Amino acid sequence: MSNSAQIGVTGLAVMGRNLARNFARNGYTVALHNRTAARTHALVEEFGHEGDFVATETAKEFVEALERPRRLMIMVKAGEPTDAVIQEFAPLLEPGDMIIDGGNAHFEDTRRRERDLRGQGIHFVGTGVSGGEEGALNGPSIMPGGSKESYASLGPMLEKISAKAPDSSPCVTHCGPDGAGHFVKMVHNGIEYADMQLIGEAYQLLRDVAGYSPAQIADIFRTWNTGRLDSYLIEITAEVLSHVDAATGKPFVDVVQDRAEQKGTGRWTVQIALDLGVPVSGIAEAVFARSLSGHADLRAASRELAGPRAKPLGDSEAAAFADRVEQALYASKIVSYTQGFHEISAGSDQYDWDIDLGAVSAIWRGGCIIRAAFLDRIRAAYDARPDLPSLLSDETFAQEIAAAQDDWREVLVAATRQGVPAPGFSAALAYYDALRADRLPAALTQGQRDFFGAHTYRRVDREGSFHTLWGGDRSEVEA
Ligand code: 6PG
């Protein structure tokens, strides 16, 4: 077998297959490998005309088909299957070769794998890939980590197969060393959960409070998609809402069980945020909303609890309410991204990744699930001020939230009065109000901790740590 393939893909389920085709369509010779060879041959049979493929059956053949330094992409399930594939191929590789993991791996696993393989001189490149099967084929947003050296060899190929942003720039950047790429992808997914939850809340408010039908709401989303909310998720929401179930003639959204599933990357985003001490309350509410939806028994047992049932508004008020919901959705979206970018910045500090937040927002403008016009403005905000403490410190976003806030509050008043849950909108507003508060009840929390556990507190007027003798004469001592 001649060692002519510039890249090899092992794991030819839908994502791996489509990425392999994408490389081939872009002029690269692609070596193919799969645990069951039938899938490899099926790919060549069906799509062989799209480019140059080298079908291989054994690990040895696969590795031998690759030019040096070898670029070997693994597209298998995260966790043990990924470790198993690495163990299979690593002994066959040589210093300078690259293993690229394009699955949704946990960044800590990526850090461990990178460390282990570095000793052997192999570059392990944990790479986020977003855009689903369509993106993998026609251009995903790609978030590689790993060494600079590996990016020098691999980057141009990834740039070629990636989505292109509206200004034609490739949606790929070297996020940083070791696990940086998978960390960025994890937060991308956390933001994706939050975006989807906020859109879901907007839908439910338009349905239950404004009284619109799914088809009417689809039209409202289509209109929103021509404005500042222009995004892939708003666009597909309109498609889903206007779809009618062929079997029953009912809106599709009414025949689907209201229990959301998750593979877990949103949950990781929240778990890691807790470890890093970053408040990602909007993303957390989105994860919790999915888990609450899945507790069918608990929900059935709670259905008779007291509370209002929404009474739809009349036509004239409904349109005004829809405008308010747009404001609330946009303001809450700004908060979700603020929280997500805070987490990336905290992860970057913690692990010395030096992640460029402007570059991350730039590569999310195309190909990925959260792609949106709005990301161009986030990029502009970070480009203008790379040390921006928070997106809310950007003047344009701050002004937009200022303009939206009355409506945002009114929407939450209506939701609360009518008993419609809006945990995402509400957490976002609470975060915003907490950030701008002069004083928070954390002072009282400190007093309580000092009372029951002598945990000490700091004073506003003097340096040092103090403890009050709560059980004695309540005098204060310096701790
Ligand atoms: C992407 C998506 C993708 C994700 C699933 C949904 O960026 O292309 O985020 O990576 O795995 O589409 O994940 P859940 O099952 O967790 O909702």
Side-chain angles (χ1 to χ4, degrees), residues 11 13-19 22 73-79 81-82 100-107 109-110 126-145 158 161-163 165 171-173 175 179-200 231-237 239-240 256-273 280 282-294 336-337 340 343-344 360-372 375 424:
V14 68
M15 288 296 286
R17 186 178 66 165
N18 282 1
L19 274 174
N22 189 349
M73 187 156 198
I74 51 184
M75 293 300 299
V76 299
K77 279 208 178 87
T82 302
I100 305 129
D101 175 13
N104 268 336
H106 195 292
F107 77 95
D109 286 339
T110 303
T127 301
V129 178
S130 177
E133 47 186 290
E134 203 273 336
L137 183 61
N138 296 316
S141 173
I142 311 178
M143 297 151 246
L158 297 182
I161 67 151
S162 74
C171 291
V172 54
T173 190
C175 294
H182 276 141
F183 188 94
V184 167
K185 175 61 171 43
M186 173 189 77
V187 177
H188 165 283
N189 282 27
I191 293 175
E192 171 185 307
Y193 278 45
D195 257 345
M196 292 166 73
Q197 173 64 21
L198 294 173
I199 292 172
S231 63
Y232 172 71
L233 282 170
I234 292 277
E235 180 191 327
I236 65 161
T237 301
E239 294 297 314
V240 174
V256 175
Q257 286 193 9
D258 60 345
R259 296 189 210 175
E261 310 268 338
Q262 59 171 306
K263 292 201 201 79
T265 40
R267 187 172 61 230
W268 291 347
T269 309
V270 178
Q271 286 169 339
I272 300 304
V280 294
I283 298 172
E285 285 299 347
V287 177
F288 286 135
R290 287 199 192 185
S291 45
L292 188 149
S293 77
S336 299
Y337 282 70
E343 182 165 351
I344 295 178
V360 168
S361 32
I363 65 162
W364 287 349
R365 289 177 303 161
C368 66
I369 303 296
I370 64 169
R371 63 185 180 261
L375 280 153

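Scope of the values below: all heavy atoms of this structure, side chains included, with no hydrogens, waters or symmetry mates. Treat the numbers as computed from the prediction; the structure is a model and nothing was measured. Counting convention: from 1, in listed order, for ligands and their atoms alike.
- Taking every non-hydrogen atom of H188 and a distance limit under 4.0 Å, the qualifying atoms of ligand 1 come out as 7 (O).
- Of the protein's heavy atoms, S130 OG, 2.4 Å lies nearest to atom 7 (O) of ligand 1.
- The closest approach between G266 and ligand 1 stays at or above 4.0 Å for every heavy atom of the residue.
- Under a 4.0 Å criterion applied to the non-hydrogen atoms of G264, ligand 1 contributes the atoms 16 (O).
- Heavy atoms of G132 approach ligand 1 to within less than 4.0 angstrom.
- Without hydrogens or angle criteria, S141 side chain to S130 main chain gives no donor-acceptor distance under 3.5 Å.
- Closest protein heavy atom to atom 11 (O) of ligand 1: N104 ND2, 3.2 Å.
- Of all protein heavy atoms, the one closest to atom 16 (O) of ligand 1 is Y193 OH, 2.5 Å.
- Closest to atom 4 (C) of ligand 1, if we only count protein heavy atoms, is N189 ND2, 3.8 Å.
- Distance alone, capped at 3.5 Å, places no donor-acceptor pair between the R17 side chain and the V14 backbone.
- Looking at R365, its side chain does come within 3.5 Å of a backbone N or O of A362 through a donor-acceptor pair.
- When hydrogens are left out, the protein atom nearest atom 8 (O) of ligand 1 is G131 N, 2.9 Å; that is the closest non-hydrogen contact.
- Of the protein's heavy atoms, K263 NZ, 4.0 Å lies nearest to atom 5 (C) of ligand 1.
- At the top of the distance list for atom 6 (C) of ligand 1, counting protein heavy atoms only, stands E192 OE2, 3.8 Å.
- Distance alone, capped at 3.5 Å, is enough to place a donor-acceptor pair between the S293 side chain and the A260 backbone.
- Between the H182 side chain and the N104 main chain, no donor and acceptor come within less than 3.5 Å of each other.
- Residues E343 and M186 have side chains in contact (heavy-atom distance under 4.5 Å, counting atoms from C-beta outward).
- The shortest side-chain heavy-atom distance between P144 and V172 falls under the 4.5 Å cut-off.
- Of the listed options E261, R290, R371, K185, R290 places a heavy atom closest to atom 17 (O) of ligand 1.
- Residue I369 has at least one heavy-atom neighbour below 4.0 Å for each of these atoms of ligand 1: 1 (C), 2 (C), 7 (O), 8 (O).
- Between the side chain of T82 and the backbone N or O of K77, at least one donor-acceptor pair lies under 3.5 Å.
- Checked by atom type and distance alone, the side chain of N18 never pairs as donor or acceptor with a backbone atom of A136 at under 3.5 Å.
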